[in-house]
Amino acid sequence: MRVSKSFIPTLKEIPQEAEIPSHQLMLRAGLMRKVASGIYEYLPLAHRSLIKIMNIIRQEMEMVGAQEVLLPILTPAELWLKTGRWQKYGKELMRVQDRHSRDFALGPTHEEVITDLVQSELKSYKQLPLNLFQIATKFRDEVRPRFGVMRSREFIMKDGYSFDVDEIEAEKTYWKMVEAYKRIFKRCGLFCSPVEADSGLIGGNFSHEFMVMAETGEAAVAFCKSCDYSANLETAKSIPTVSLINEIRPACKVPTPNYKSVSEVSNFLKVSANQIIKTLIYVTEGDPIAVIIRGDHEVNETKLQNYLKVFELKLASHEEVEKITHMPMGFVGPVGLKDIRIIGDLVLKEGHGYIAGGAEPDVHWTYLEIGRDFPTPEWADIRNVVTGEACVGCSQPLNVGRGIEVGQTFKLGKRYSTPMHCVFLSKSGVEEEVTMGCYGIGVSRTLAAAIEQHYDEFGICWPIAIAPYQIHLLLLSPNDAEAVRLAEMIYDQCVEKKIEVLYDDRLEASVGFKFKDADLIGLPISVRIGSKSVKEGIVEIKIRRNPQVMKVPIAQFFENLIDLLQEEWKRCEP
RNA sequence: CGGGGCGUAGCGCAGCGGUAGCGCACCUGGUUUGGGACCAGGGGGCCGUGAGUUCAAAUCUCACCGCCCCGACCA
């Protein structure tokens, strides 16, 4: 492609709307433009990259025997009513009506649609296993779209669904898919690993998220450098450091005038926060509940929600707290708490001599013993793992970092086949429900994540496998006939050799302009041709991610180029 | 939905009661071409929308809309 004929609107300045590097660079390098909040247009460069990601996915899916289909975006409400998700999915499900006032949803995911399809055709165990996938646009009416295509309302997703005769076969399929996913992300040039995950709204009992570790990631991940344990903070476990700090003494009240928060109380009493019990009140769709947790720990609401099996969970407001506990805000504690279910974080179990709210203004209890001074709560793991705690796999210290979730795999079991009556006749002639799995990849998010992982101060540094073009050919002296002749020759030969080349043949752009654009667009290899190099009989080649410029005699140019391309490809091998 | 910020030329911004500006980009002509060139000329705006206050509103008031950030939320 000649730049003079291309649609690549690069920007010199950082658009004010963009916060994170990938978002800024996607706008600046002319990859995309915004139409509305969370809705983007993909321009030619981005489209070429997306196609490459999709093709890698297609190849790997084919390798594990999955077949591609294309499902509708507009889906009738009745399908969603069958599984209860018409209600449960909430406002994120984009609902529309047709001219007859019939309800539809723009598909955010397609379990219902695919299960309905398979249900209508599945008769015998002989048709199983079955593995179907599609690559299509999805809609989610996100509360807050963010970070460009990282969290957009309309996005491209690969979603796959597997159907097996039983749990054992389904699990085999699941692990096959996990392996395929690892290959896909590696082939896209991403450093990405599966982490244990919460299975959320989609249901099921087993899940992994594929995380690209990045500062700007929205998910918190606990991981171990010594063994391969890693998990989303929503499910992560650790061996906590237990605080057997204090001697056992009779409980006594101490004045804490106007000291309410954990940090205020610990400063005032000169104790560390891990001796304090924090009491939090949550409201749910049922009764309110109380949570007690060590002062230096945080409640993980996903864990709590899963333990309680509730849909709604919200920290109570100050007014609600006082009404529910009959204690003043800031001095709520487990002693004297009545008529409320109390969940205690497991870490508290072994400790002694705790400090907690005194149930009346300006007072805290000290030397509290669980079970002696207040009833033993229901124990559950409801807290966030903290950096430095011991790994459950190998006892080495855990790290907590941030990640971008580019894919997720779920074992669904019969979550969808039961309500949608997706059954088959088994070998023994008995009707059985099919066992399902589901597997997603955010294709547009993968593109953004790849940039988030491969950029520098000048622009993008594409992995070759998903780069819009492989070579950026820069004609630096468009008025030098010899340079033009050489550049045109190299361009023609690249086209002939099927080397994807973007040729900056612009007459009007200055040298600096071309260099800046090339750095910004970030194709893996640039080839520079100007009067200077032509006179010396050489061509300059630069690998985007390296600072040095190589000088290659014209006669050996293609030989060298092909070697360099191969080296780049090696970086994307699974 | 709660909190904060911003809407003025394609992009980045200034102006904050009295003729709508700057830099970059764009168009024409010329000179240039190894890290976002130079000279000369030129085009482009309902100052987000609507009400109000005022002799006079981009500027003050109110409402609405849009966008961004933090939080809540999130296959």
Side-chain angles (χ1 to χ4, degrees), chain A residues 9-20 23-24 27-28 30 33-39 83 85 88-93 107-112 114 138-148 150-153 155 157-161 197-204 207-209 218-219 232 234 301-302 305 311-315 317 405-410 412 415-416 437-442 445 458-459 474-480 483-484 504 506-520 526 528-536 540 542 549:
Chain A
T10 57
L11 300 172
K12 188 170 167 180
E13 314 218 33
I14 300 169
Q16 162 247 330
E17 68 187 56
E19 190 80 1
I20 64 168
H23 187 191
Q24 294 177 347
L27 292 169
R28 287 192 57 210
R33 287 293 182 264
K34 185 177 68 181
V35 184
S37 178
I39 303 191
T83 58
R85 287 210 292 184
K88 276 184 211 162
Y89 215 107
K91 285 189 178 165
E92 236 187 300
L93 186 65
T109 173
H110 280 72
E111 287 80 6
E112 281 81 357
I114 198 92
K138 295 275 186 276
F139 293 86
R140 283 183 201 177
D141 198 1
E142 291 284 349
V143 201
R144 182 146 89 86
R146 238 189 296 213
F147 303 146
M150 212 55 104
R151 177 166 299 279
S152 52
R153 291 194 290 175
F155 57 100
M157 173 164 140
K158 171 265 167 181
D159 49 325
Y161 308 89
D198 177 53
S199 52
L201 242 194
I202 248 188
S207 177
H208 287 86
E209 284 166 339
E218 293 186 80
N232 190 309
E234 293 174 352
E301 295 189 359
T302 305
Q305 201 166 1
F311 284 112
E312 277 169 46
L313 184 75
K314 233 175 77 182
L315 212 48
S317 68
E405 180 203 337
V406 288
Q408 188 164 12
T409 51
F410 299 85
L412 290 178
R415 165 73 180 83
Y416 296 91
C438 114
Y439 317 90
I441 294 177
R445 187 185 280 183
F458 305 110
L474 306 180
L475 172 58
L476 302 178
S477 316
N479 295 326
D480 180 324
V484 173
D504 198 340
R506 288 175 293 183
L507 296 174
E508 70 288 356
S510 68
V511 173
F513 207 99
K514 290 181 177 180
F515 280 141
K516 292 287 184 193
D517 260 3
D519 288 341
L520 183 58
S526 64
R528 294 114 184 259
I529 294 168
S531 332
K532 237 168 73 181
S533 54
V534 169
K535 277 197 200 90
E536 292 174 47
E540 289 165 22
K542 183 173 174 300
V549 177

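Residue numbers begin at 1 in each chain, while the letters A, B, ... track the order of the sequences.
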Is there a side-chain hydrogen bond (donor to acceptor under 3.5 Å, both in side chains) between A:Glu112 and A:Thr83 once you walk through the steps?
CA-CA 7 Å; A:Glu112 281 81 357; A:Thr83 58; 2.5 Å; yes

Looking at [options], which one has an atom nearest to any side-chain atom of [X]?
X        : options                : answer
A:Arg144 : B:rG71, B:rC24, B:rC68 : B:rG71
A:Arg146 : B:rC74, B:rG71, B:rC68 : B:rG71
A:Ala36  : B:rC67, B:rG36, B:rG12 : B:rC67
A:Leu520 : B:rG35, B:rC13, B:rG36 : B:rG36
A:Glu17  : B:rG36, B:rC1, B:rC68  : B:rC68

Given atom [atom1] of [X] and atom [atom2] of [N], what is their separation to the nearest angstrom?
X        : N      : atom1 : atom2 : result
A:Lys514 : B:rG35 : NZ    : P     : 13 Å
A:Glu142 : B:rC1  : CD    : C1'   : 15 Å
A:Glu218 : B:rC74 : CD    : C1'   : 9 Å
A:Lys516 : B:rG36 : NZ    : P     : 6 Å
A:Lys138 : B:rC74 : NZ    : C1'   : 17 Å

Can you tell whether the side chains of A:Arg415 and A:Glu111 come within less than 4.0 Å, N to carboxylate O?
no

Decide whether A:Asp517 and A:Thr10 meet the rule of one side-chain donor and one side-chain acceptor closer than 3.5 Å.
yes

Taken in chain and number order and not counting sequence neighbours, the residues that satisfy side chain to side chain contact (heavy atoms under 4.5 Å, CB included) with A:Arg146 are A:Arg144, A:Arg151, A:Glu218

Base versus backbone protein contacts along nucleotides 29-34 of chain B [heavy-atom cut-off under 4.0 Å; B, S, -]
----BB

Report yes if at least one side-chain N or O of A:Lys314 is closer than 4.0 Å to OP1 or OP2 of B:rC73; otherwise report no.
no

Whether A:Arg28 contacts B:rC11 is assessed here as follows: a side-chain N or O lying under 4.0 Å from the phosphate OP1 or OP2. Is that the case?
no

Determine the Euclidean distance between corresponding P atoms of B:rG18 and B:rC70; express it in Å to zero decimal places.
37 Å

The residue, A:Leu11 or A:Ile14, whose nearest nucleotide of RNA chain B is more 5′ is A:Ile14

Ignoring hydrogens and angles, answer whether the base of B:rG36 and the side-chain atoms of A:Glu13 contain a donor-acceptor pair closer than 3.5 Å.
no

Within this structure, what is the OG1-CD1 distance for the pair A:Thr109 and A:Ile114, rounded to the nearest 0.5 Å?
10.0 Å

Please enumerate all residues that pass side-chain hydrogen bond (donor to acceptor under 3.5 Å, both in side chains) together with A:Ser477, with sequence neighbours excluded.
A:Ser531

Tell me what A:Phe147 touches on the nucleic acid: a base, only sugar-phosphate, or nothing, going by heavy atoms under 4.0 Å.
sugar-phosphate

Would you say A:Arg28's side chain and A:Leu11's backbone share a donor-acceptor pair under 3.5 angstrom?
yes

